[in-house]
Amino acid sequence: MNVARIEAEAGAALLHWYDAHARQMPWRVGPAARATGQRPDPYRVWLSEVMLQQTTVAAVRGYFERFTALWPDVLALAAAPDAQVMGEWAGLGYYARARNLLKCARAVRDLHGGRFPADHDALLALPGIGRYTAASLGAIAFDLPLTVVDGNVERVMARLFAVEQPLPGAKPALTDRAAALTPKLRPGDHAQAVMDLGATICTPRRPACGICPLMDLCMARAEGRAAELPRKLAKKPKPVREGVIFVGRRADGAWLLEERPPSGLLGGMLGWPGSDWLPAGEGGADAPPSVPPVPPVAADWRMLDAGLRHTFTHFHLHLCVQIARLPQGSLPTRGRFLEPGAFRRSDLPTVMRKAHDLALPALDAIEPGFR
DNA sequence: AACTCGTGGTT
DNA sequence: TAACCAAGAGT
């Protein structure tokens, strides 16, 4: 097998396979409808692409349906209150995406008359749209002949051309390979074909080479090494951080919550007040913190026996949860009360949901006749 | 360039 | 079960 033959034949083989095996998605126009001239809504393509960044299709589906039901077009989204959008995004992770989603919708409204620009550089200039999303949106929604490179494309190219160099260093070489395969005629379908292949056949762990449309072209498969590629540099171990979190409820059922700072970890999201989350202490495994955490309001705070564990991208978190019933006239130094009608568990990021779920039965035990 | 930034499913 | 993994962007 040689590079020239792969570059000559792989593109057509992929499109042929895609015409028969394309996955159906709520934001997609399938290859048959596409051939009749139908085009996907750029708003829906953009929304799906942002949600799909580092996120599985299964996790995205429900969020996509809720977002498009609440905000059917980019102008509706641009007019939405920040807190509502953040609440709807809660649980999906990488919350900078939600902040940039709103910034982008408003930029499309204010700078582009409410329509996504059919131009690579203009797309790239929008908040939250980087190299991948600009290329995929341009190719899928506007038929621009752009090369889309995501994790799927990297994996398929590494195997097809048996690239031994590990990621992330191999990224430029893999991008060059992908560019050589990108057709001028159906760049969007081509991009979606590679992603579908990567998601269903050329999978990370156990690729189904026996049913792959590129099996006769793939250099790694010829050498029986497809599953070993792409190579990746070892990742750094995750340190442990510790903290304390305060879950307080007033007699009328109102919860004491705060909006987190607009940037950084869980930025702009709702959360329980608490201490900073610092690297686990040197003085023994579960030694108490040298400086006791400051509660958001004076009350009879009680430490729950069971702690909480949660893993973020780059550290493990161990949290102690304190709970208290708060008097009706409480004046907190941090946060504000959200009455039961204004509080939804689903507005919380996952780590805060975990704290809520631990605290709720304990608070009900303190206050048995509540409600 | 290296680091930050979530989560749920799979192995 | 701990590690790995998924349609990356911003700084």
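Letters A, B, ... mirror the listed sequences (proteins, then strands); counts begin at 1.
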Residue-phosphate contact under 4.0 Å: [X] side-chain N/O, [N] OP1/OP2:
| X | N | answer |
| --- | --- | --- |
| A:Tyr94 | B:dT4 | no |
| A:Lys236 | B:dC3 | yes |
| A:Lys232 | C:dA6 | yes |
| A:His314 | B:dC3 | no |

Fill in: Under 3.5 Å donor-acceptor pair, A:Thr313 side-chain atoms to B:dG6 base atoms
yes
Item to complete: Using the C1' atom on both, measure C:dA6 against B:dC5 and round to a whole Å.
Response: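 Straight-line distance between the two C1' atoms is 15 Å.
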Worksheet entry | P gap between B:dG6 and C:dT11, integer Å |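 That atom pair is separated by 14 Å.
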Item to complete: Among the candidates B:dT7, B:dG6, C:dA3, find the nucleotide nearest to the side-chain atoms of A:His316.
Response: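 So the side chain of A:His316 is nearest to C:dA3.
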Sugar-phosphate only, base, or nothing, as touched by [X] at under 4.0 Å among non-hydrogen atoms:
| X | result |
| --- | --- |
| A:Trp89 | nothing |
| A:Gly267 | nothing |
| A:Ile129 | sugar-phosphate |

Gap between atoms [atom1] and [atom2], on [X] and [N] respectively (whole Å):
| X | N | atom1 | atom2 | answer |
| --- | --- | --- | --- | --- |
| A:Lys235 | C:dA2 | NZ | P | 18 Å |
| A:Met86 | B:dC5 | CE | C1' | 12 Å |
| A:Arg231 | C:dC4 | CZ | P | 16 Å |
| A:Lys103 | C:dG10 | NZ | P | 9 Å |
| A:Trp277 | B:dC5 | CH2 | P | 11 Å |
| A:Trp46 | C:dA9 | CH2 | P | 13 Å |
| A:Leu317 | B:dT7 | CG | C1' | 14 Å |
| A:Leu137 | C:dG8 | CG | P | 15 Å |

Fill in: A:Gln322 side chain to A:Arg302 side chain, donor-acceptor N/O pair below 3.5 angstrom
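No, because no side-chain N or O of A:Gln322 sits under 3.5 Å from a partner of the opposite role on A:Arg302.
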Worksheet item: Does A:Asp110 CG have over 12 foreign heavy atoms under 6.0 Å away?
Response: yes
Discussion item. Is it the case that over 12 heavy atoms from other parts of the model lie below 6.0 angstrom from the CZ atom of A:Arg115?
Written reply: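 Open: at most 12 neighbouring heavy atoms sit under 6.0 Å from CZ of A:Arg115.
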Item to complete: Could you tell me whether the side chain of A:Arg155 and the main chain of A:Pro230 form a donor-acceptor pair under 3.5 Å?
Response: no
Item to complete: Residues of residues 48-60 of chain A with any non-hydrogen atom less than 4.0 angstrom from an atom of DNA chain B: list those, numerically ordered, please.
Response: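 Only A:Gln54, A:Thr55 qualify.
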Discussion item. At a heavy-atom distance below 4.0 Å, what parts of residues 195-212 of chain A sit against DNA chain B?
Written reply: A:Arg205
Worksheet item: Pairs in or reaching into residues 83-95 of chain A: which pass side-chain hydrogen bond (donor to acceptor under 3.5 Å, both in side chains), with residues at least two apart or in two chains?
Response: A:Glu88-A:Arg344
Item to complete: Can you tell me which residue pairs pass the side-chain hydrogen bond (donor to acceptor under 3.5 Å, both in side chains) test with a partner in residues 254-277 of chain A, sequence neighbours excluded?
Response: A:Glu258-A:Arg334
Worksheet item: Step by step, would you call A:Asp364 with A:Arg249 a salt bridge (charged side-chain N to carboxylate O under 4.0 Å, His left out)?
Response: CA-CA 10 Å; A:Asp364 283 341; A:Arg249 189 177 66 181; 3.0 Å; yes
Discussion item. Checking A:Arg131 now: which residues fulfil side-chain contact (heavy atoms from CB on, under 4.5 Å) with it, not counting sequence neighbours?
Written reply: A:Lys171
Worksheet item: What residues form a side-chain contact (heavy atoms from CB on, under 4.5 Å) with A:Ala35, not counting sequence neighbours?
Response: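 By the side-chain contact (heavy atoms from CB on, under 4.5 Å) rule, A:Ala35 matches no residue at all.
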Worksheet entry | Ion pair A:Asp143/A:Arg34, N-O distance below 4.0 Å | yes
Item to complete: With DNA chain C as reference, determine whether A:Arg155 or A:Arg131 sits nearer its 5' end, using the nearest nucleotide of each.
Response: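 The residue closer to the strand's 5' end, by nearest nucleotide, is A:Arg155.
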